[in-house]
Amino acid sequence: MDETSRTRGVVHAYVDSAERRDWAAFAALLADDVVYEMPQTRERIRGKTAYLQFNTDYPGDWHLKVRHVVADGRHAAAWLDARVGDDSQDASAWFELSAEGLISRVTDFWPEPYDPPAGREHLVERW
């Protein structure tokens, strides 16, 4: 399997494990020093432990589905369908993988800016 195919597979596995709430499988895809950023809220989370907690604690009955993944080497972009109840919106996420094939950076884009929900201040830094 070439690097681009591996990257595409990792992105699909990331979304699939998040959707299934399989946090052990999700964590296994992340580099220890992963950085997660959301430009709309200007939040950044550093490290696997904090990012895993952010996801396990995220409120609501949310669901993710991959619409399309484009990959090139260790970089990928995913077009996602994000749902909470009957509300659906498109999102996109950009991924960078380490030389070991682990996700080292995720930049998550949502359609509109919003204020971050309360309760995750201990996990994030704002810019």
Side-chain angles (χ1 to χ4, degrees):
M1 175 181 300
D2 69 4
E3 191 172 58
T4 296
S5 296
R6 178 178 70 170
T7 298
R8 188 178 300 107
V10 168
V11 171
H12 278 279
Y14 169 93
V15 174
D16 180 59
S17 61
E19 171 61 26
R20 291 182 293 113
R21 311 308 195 259
D22 183 346
W23 301 122
F26 185 85
L29 299 168
L30 304 174
D32 289 339
D33 60 350
V34 64
V35 175
Y36 175 76
E37 292 184 334
M38 292 175 289
Q40 283 80 357
T41 60
R42 296 182 340 271
E43 292 176 286
R44 178 180 298 122
I45 299 170
R46 294 181 188 273
K48 183 192 292 194
T49 301
Y51 186 46
L52 186 59
Q53 183 178 352
F54 172 82
N55 281 280
T56 60
D57 293 352
Y58 204 86
D61 184 27
W62 52 267
H63 297 278
L64 297 175
K65 180 176 142 185
V66 171
R67 289 183 184 252
H68 192 67
V69 174
V70 176
D72 183 20
R74 295 193 322 240
H75 296 88
W79 177 12
L80 305 172
D81 174 45
R83 289 181 294 111
V84 177
D86 291 333
D87 294 329
S88 179
Q89 62 180 323
D90 292 322
S92 65
W94 297 80
F95 296 85
E96 294 179 26
L97 273 62
S98 68
E100 296 76 31
L102 298 173
I103 297 170
S104 59
R105 179 175 288 276
V106 180
T107 305
D108 220 344
F109 292 95
W110 294 92
E112 297 181 21
Y114 63 95
D115 289 326
R120 60 189 192 203
E121 298 84 0
H122 63 291
L123 298 172
V124 305
E125 57 185 71
R126 300 287 306 273
W127 76 88

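From a predicted model like this one, the values you see are computed outputs, not experimental measurements. Side chains included, hydrogens not; waters and symmetry mates left out as well; all remaining heavy atoms used.
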**Request:** Tell me whether Phe109 is reachable from Val124 by hopping between hydrophobic residues (I, L, V, M, F, W, Y) whose side-chain heavy atoms are closer than 4.5 Å.
**Result:** no
**Prompt:** Which atoms form the tightest heavy-atom contact between Thr56 and Gln53, and what is the distance?
**Reply:** OG1-O, 3.1 Å
**Request:** Write out all pairs satisfying ring-ring contact (aromatic ring centres under 6.0 Å, His included) with one or both partners inside residues 34-54, taking only residues at least two apart or from two chains.
**Result:** Phe26-Tyr51, Tyr36-Tyr51, Tyr36-Phe54, Phe54-Tyr58
**Asked** Does Glu96 use its side chain to pair, donor to acceptor, with the backbone of Ser104 at less than 3.5 Å?
**Response** no
**Reported CG-to-OG distance for the pair Asp108 and Ser92, which is rounded to 0.5 angstrom** = 7.5 Å
**Request:** Check whether any side-chain heavy atom of Arg120 lies under 4.5 Å from a side-chain heavy atom of Ile45, and answer yes or no.
**Result:** no
**Message:** Can you tell me how far apart NE2 (His75) and OG1 (Thr4) are? Round to the nearest 0.5 Å.
**Reply:** 11.0 Å
**Request:** First locate atom OG1 of Thr107, then atom CZ of Arg44, and finally report the distance between them rounded to the nearest 0.5 Å.
**Result:** 9.5 Å
**Prompt:** Once you round to the nearest 0.5 Å, how far does CH2 of Trp110 lie from CD of Gln89?
**Reply:** 5.5 Å
**Heavy-atom check, side chain of Arg74 versus side chain of Glu3, under 4.5 Å** = yes
**Message:** According to a hydrophobic-cluster definition based on side-chain heavy atoms being under 4.5 Å apart (Ile, Leu, Val, Met, Phe, Trp, Tyr only), do Val11 and Leu64 belong together?
**Reply:** yes
**Prompt:** Say you draw a straight line from OG of Ser17 to CH2 of Trp23; how long is it, rounded to the nearest 0.5 Å?
**Reply:** 7.5 Å
**Ser5 backbone acceptor or donor facing Asp2 side chain under 3.5 Å** = yes
**Exam field: side chain Lys48 to backbone Ala27, donor-acceptor pair closer than 3.5 Å** = yes
**Asked** Any side-chain heavy-atom pair from Leu80 and Val66 closer than 4.5 angstrom?
**Response** yes
**Verify same cluster id: Leu29, Val15 (apolar side-chain graph, 4.5 Å)** = yes
**Request:** Inspect the contact between Glu121 and Arg126 and indicate whether a charged nitrogen and a carboxylate oxygen are less than 4.0 angstrom apart.
**Result:** no
**Item:** Euclidean distance, Arg105 CZ relative to Leu97 CG, rounded to 0.5 Å
**Value:** 13.0 Å
**Message:** Which heavy atom of Leu102 sits nearest to which heavy atom of Ala31, and what is that distance?
**Reply:** CB-N, 3.7 Å
**Message:** Counting neighbours of CG on Asp81 that are heavy atoms of other residues, nucleotides or ligands and sit closer than 6.0 Å, is the number greater than 12?
**Reply:** yes
**Request:** Kindly work out whether a path of hydrophobic side-chain contacts (I/L/V/M/F/W/Y, heavy atoms less than 4.5 Å apart) joins Trp79 to Val106.
**Result:** no
**Message:** Under 4.5 Å between side-chain heavy atoms, counting indirect links through other Ile/Leu/Val/Met/Phe/Trp/Tyr residues: same cluster for Leu52 and Val10 or not?
**Reply:** yes
**Request:** Taking Thr7 for its side chain and Gly73 for its backbone only, find out whether a donor-acceptor pair lies under 3.5 Å.
**Result:** yes
